[in-house]
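In what follows, chains carry the letters A, B, and so on, assigned in the order in which the sequence lines appear, proteins first and then strands, with residues in each chain numbered from 1.
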2 protein chains.
Amino acid sequence: MPDSPAAPDFSAQLRSAALRVTQPRVAVLAAVHEHPHASTDALIDAVRGTLPDVSHQAVYDSLHTLTAAGLVRKIQPSGSTARYESRIGDNHHHVVCRSCGAVADVDCSTGHAPCLTASQSHGFVIDEAEVIYWGLCPQCSTAV
Amino acid sequence: MPDSPAAPDFSAQLRSAALRVTQPRVAVLAAVHEHPHASTDALIDAVRGTLPDVSHQAVYDSLHTLTAAGLVRKIQPSGSTARYESRIGDNHHHVVCRSCGAVADVDCSTGHAPCLTASQSHGFVIDEAEVIYWGLCPQCSTAV
DNA sequence: CTCCTTTTCTTGAATGAGTCAAGAAAAGGA
DNA sequence: TCCTTTTCTTGACTCATTCAAGAAAAGGAG
């Protein structure tokens, strides 16, 4: 009996990724969905909202596992601790505020796996192009 | 009397940036030029090659100062510690090996401040687009 | 050239995100 | 329901980076 029809079925996501369904993992997955771009610390707090006694380690482990399984994506702009998001597989990018660290999503404008074409690859086999736009968020740029 | 005509004049660079010319700073600047994309740790070692008794703190301070002055650029791909390079002001990007962490430069292919155009800026005032290409370096991709 | 003020460097301790490790508990197939 | 494997808890630990206080060096003034 699904109690929240609108919410994605996290258990099913875990199962289809061949992962065991555990309370911490479901809670972490839910937290990442609820708080896009949240830091590990913020996620630990969020998870403890529903599961008061999870260890930080369980959250770290879950995040690693979920990231490895591709259910969650880890981003880590310079000067920031690790952040996670649930929007995956659509090759989108991020804008990061230099002042407050706020993060927002940006779709890939150029259309076709755009930035994936490096001018010289130096023999590297490239599989992903990560783009981070740096600047100031509305609040910080207004606060002169 | 310049003893190394080919080498950039680091003292002059410091002076024109209105920074005091100190041995640690000159040595750090030289080390960054000699070892592009080196980690802080590697730079500390390099600097101690010429200045055996510098404290790690002096190197950290110098790197901060030089970065703030724009004489050096800091890059920090996910999962890596801080790295520094002396190639600045030409808006180039990087390829990073997922396996060994090797870094190489990539010029901006699209020509005109390319990636600087985000599709939706969410009200952010964007001043820089940072691109990191992820993949495997020649050695790591060959070592099957 | 010498003095004085300011900036920078040394030394040593502290912070904090993230990891490691051993045993206890939970998941899920037999 | 039992058993094996995976995952979680607990608690210690690592390592890049930062903080802080005093000592030393830089460089302009005289």
Provide, to the nearest angstrom, the distance between the [atom1] atom belonging to [X] and the [atom2] atom belonging to [N].
X       : N      : atom1 : atom2 : value
A/Asp45 : C/dA17 : CG    : P     : 11 Å
A/Leu43 : C/dG18 : CG    : C1'   : 15 Å
A/His56 : C/dA17 : NE2   : P     : 11 Å
A/Leu63 : C/dT19 : CG    : C1'   : 14 Å

Could you tell me whether [X] contacts a base, only the sugar-phosphate backbone, or nothing, with contacts defined as non-hydrogen atoms closer than 4.0 Å?
X       : result
A/Thr65 : nothing
A/Thr22 : sugar-phosphate
A/Asp53 : sugar-phosphate

N/O (side chain, A/His64) to phosphate O (OP1/OP2, C/dT19) under 4.0 Å | yes
Correct closest heavy-atom pair for A/Asp127 and B/Gly135 would be OD2-CA, 3.6 Å
Regarding A/Arg73 and A/Asp90, does a basic nitrogen lie under 4.0 Å from an acidic carboxylate oxygen? no
Quick one, [X] and [Y] - any side-chain contact, counting heavy atoms below 4.5 Å?
X       : Y       : answer
B/Val26 : B/Leu14 : yes
B/Val47 : B/Pro24 : no
B/Val72 : B/Leu29 : yes
A/Val54 : A/Arg48 : yes

As its Watson-Crick or G-U partner within any shown strand, both distances under 3.5 Å, C/dC20 has D/dG11
Answer for the Watson-Crick or wobble partner of C/dG29, both distances under 3.5 Å, is D/dC2
Taking for B/Val21 and for B/Thr81 the nucleotide of DNA chain D with the nearest heavy atom, the one nearer the 5' end belongs to B/Thr81
The answer to which of B/Arg20 and A/Leu19 contacts DNA chain D further toward the 5' end, by nearest nucleotide, is A/Leu19
With B/Glu85 as partner, the option from B/His33, B/His94, B/His35, B/Lys74 fulfilling side chain to side chain donor-acceptor pair (under 3.5 Å) is B/His94
Min and max contacting nt of DNA chain D in 5' to 3' order, chain B heavy atoms within under 4.0 angstrom, are D/dA16 to D/dG27
